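One structure below.
The shown structure was predicted, so the numbers you read here are calculated from the model rather than taken from an experiment.
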Amino acid sequence: MTSITTSGVTLNIKSCRTKFAHRFVRSLLQIRNHGPPSSSSSSEEKLIQKRRQRIKIAAYSSMAHAVGPRMNWSRALLFKLRNRACRDRKKNRVFVIRRRTKKASRSSQGSVPVDQAKKLRRLVPGAKSMDLCSLLEETAHYITCLSTQIKVMQALADHLSK
């Protein structure tokens, strides 16, 4: 059985994969049972976009729940999703994803490892205030979980396409 040990915490990859798969399938069934919104003015493209967003949120949520609060990135994802759900319930509005505008880069005199660490901190949830060693550990675990997510989703797609 494959396992990862980070910061004294042993994570069983197979059990994470199983937990993720169960949660993700349950979430997909809820999305399917919920059905498309009954809005006659919505276009087909908007419905597809909304369903795609729900599936993406279900995948991230399932992955973070499978790992639990042991890792910073999973805590950050769960916190973000919980806040998003509260905001949705309170305001009951559609989210518009704003793209960040690229800031003018500073001179290229900055050190390469520091610049790469900044890029990693933007990619890994909850990594903004970590030291470099913890950042690398979290990144490695996050990548492992993302690859597990891909394998489970691919297995589902293969199974459903038969």
Side-chain angles (χ1 to χ4, degrees), residues 1-31 34 49-106 108-157:
M1 213 171 256
T2 310
S3 63
I4 296 177
T5 303
T6 57
S7 306
V9 177
T10 303
L11 302 170
N12 188 339
I13 297 302
K14 297 238 182 217
S15 71
C16 284
R17 182 180 297 166
T18 305
K19 286 179 187 177
F20 167 72
H22 285 292
R23 276 191 168 273
F24 186 58
V25 169
R26 220 176 329 148
S27 297
L28 289 177
L29 289 173
Q30 286 177 346
I31 291 170
H34 185 267
Q49 179 75 13
K50 195 168 196 168
R51 181 165 274 195
R52 193 183 105 230
Q53 184 68 19
R54 285 181 184 160
I55 292 170
K56 181 179 174 182
I57 289 171
Y60 279 124
S61 174
S62 300
M63 185 174 63
H65 276 96
V67 172
R70 296 180 294 249
M71 305 299 287
N72 283 342
W73 67 262
S74 64
R75 282 194 305 269
L77 264 177
L78 291 171
F79 182 74
K80 182 178 180 179
L81 292 171
R82 200 171 299 124
N83 282 347
R84 175 176 281 178
C86 289
R87 259 194 334 233
D88 281 350
R89 275 186 242 123
K90 286 181 182 176
K91 295 184 180 182
N92 198 13
R93 65 183 174 99
V94 176
F95 280 96
V96 177
I97 299 173
R98 295 182 184 155
R99 297 190 184 266
R100 287 186 177 176
T101 57
K102 203 168 193 176
K103 295 179 182 178
S105 62
R106 297 178 189 167
S108 60
Q109 296 171 356
S111 66
V112 175
V114 172
D115 291 341
Q116 290 175 346
K118 279 185 180 179
K119 289 177 184 176
L120 270 180
R121 282 188 175 94
R122 279 186 247 142
L123 291 174
V124 179
K128 289 184 180 173
S129 61
M130 286 184 196
D131 62 289
L132 188 59
C133 185
S134 298
L135 175 65
L136 294 175
E137 284 180 12
E138 287 280 331
T139 303
H141 187 265
Y142 186 60
I143 290 170
T144 304
C145 287
L146 286 175
S147 68
T148 300
Q149 185 182 41
I150 290 168
K151 288 174 187 173
V152 168
M153 293 172 103
Q154 185 64 50
L156 278 172

List the steps, then state whether side-chain contact (heavy atoms from CB on, under 4.5 Å) holds for Val67 with Trp73. CA-CA 10 Å; Val67 172; Trp73 67 262; 3.7 Å; yes

Quick one: list whatever passes side chain to side chain contact (heavy atoms under 4.5 Å, CB included) with Leu132, sequence neighbours left out. Ala117, Leu135, Leu136

Counterpart residues, side chain to side chain contact (heavy atoms under 4.5 Å, CB included), relative to Ala58 (two or more places apart):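 Ala58 satisfies side chain to side chain contact (heavy atoms under 4.5 Å, CB included) with Phe24, Ser27, Ile31 once adjacent residues are dropped.
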
Any donor and acceptor pair, going by atom type alone, linking the side chain of Ser74 with main-chain N or O of Gly68 inside 3.5 Å?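 Yes.
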
To the nearest 0.5 Å, what is the distance between [atom1] on [X] and [atom2] on [Y]?
X: Leu77; Y: Ser62; atom1: CG; atom2: OG; value: 11.0 Å
X: Glu138; Y: Ile143; atom1: CD; atom2: CD1; value: 11.5 Å
X: Arg52; Y: Lys56; atom1: CZ; atom2: NZ; value: 7.0 Å

Indicate the atoms forming the closest heavy-atom contact of [X] with [Y], along with that distance.
X: Ala66; Y: Cys16; result: CB-O, 3.7 Å
X: Ala59; Y: Gln149; result: CB-NE2, 2.9 Å
X: Arg121; Y: Asp131; result: NH2-C, 4.0 Å
X: Thr144; Y: Ala140; result: OG1-O, 2.9 Å

For the residue pair Pro125 and Tyr142, establish whether any side-chain heavy-atom pair is separated by less than 4.5 Å.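 Result yes, sub-4.5 Å side-chain heavy-atom pair found.
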
Beyond-backbone contact of Met130 with Val124, side-chain heavy atoms, under 4.5 angstrom: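 With C-beta onward as the side chain, the pair stays apart.
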
With sequence neighbours excluded, what pairs up with Ser61 under the side chain to side chain donor-acceptor pair (under 3.5 Å) test?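 Counting only residues at least two positions away or on another chain, Ser61 forms a side chain to side chain donor-acceptor pair (under 3.5 Å) with His65.
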
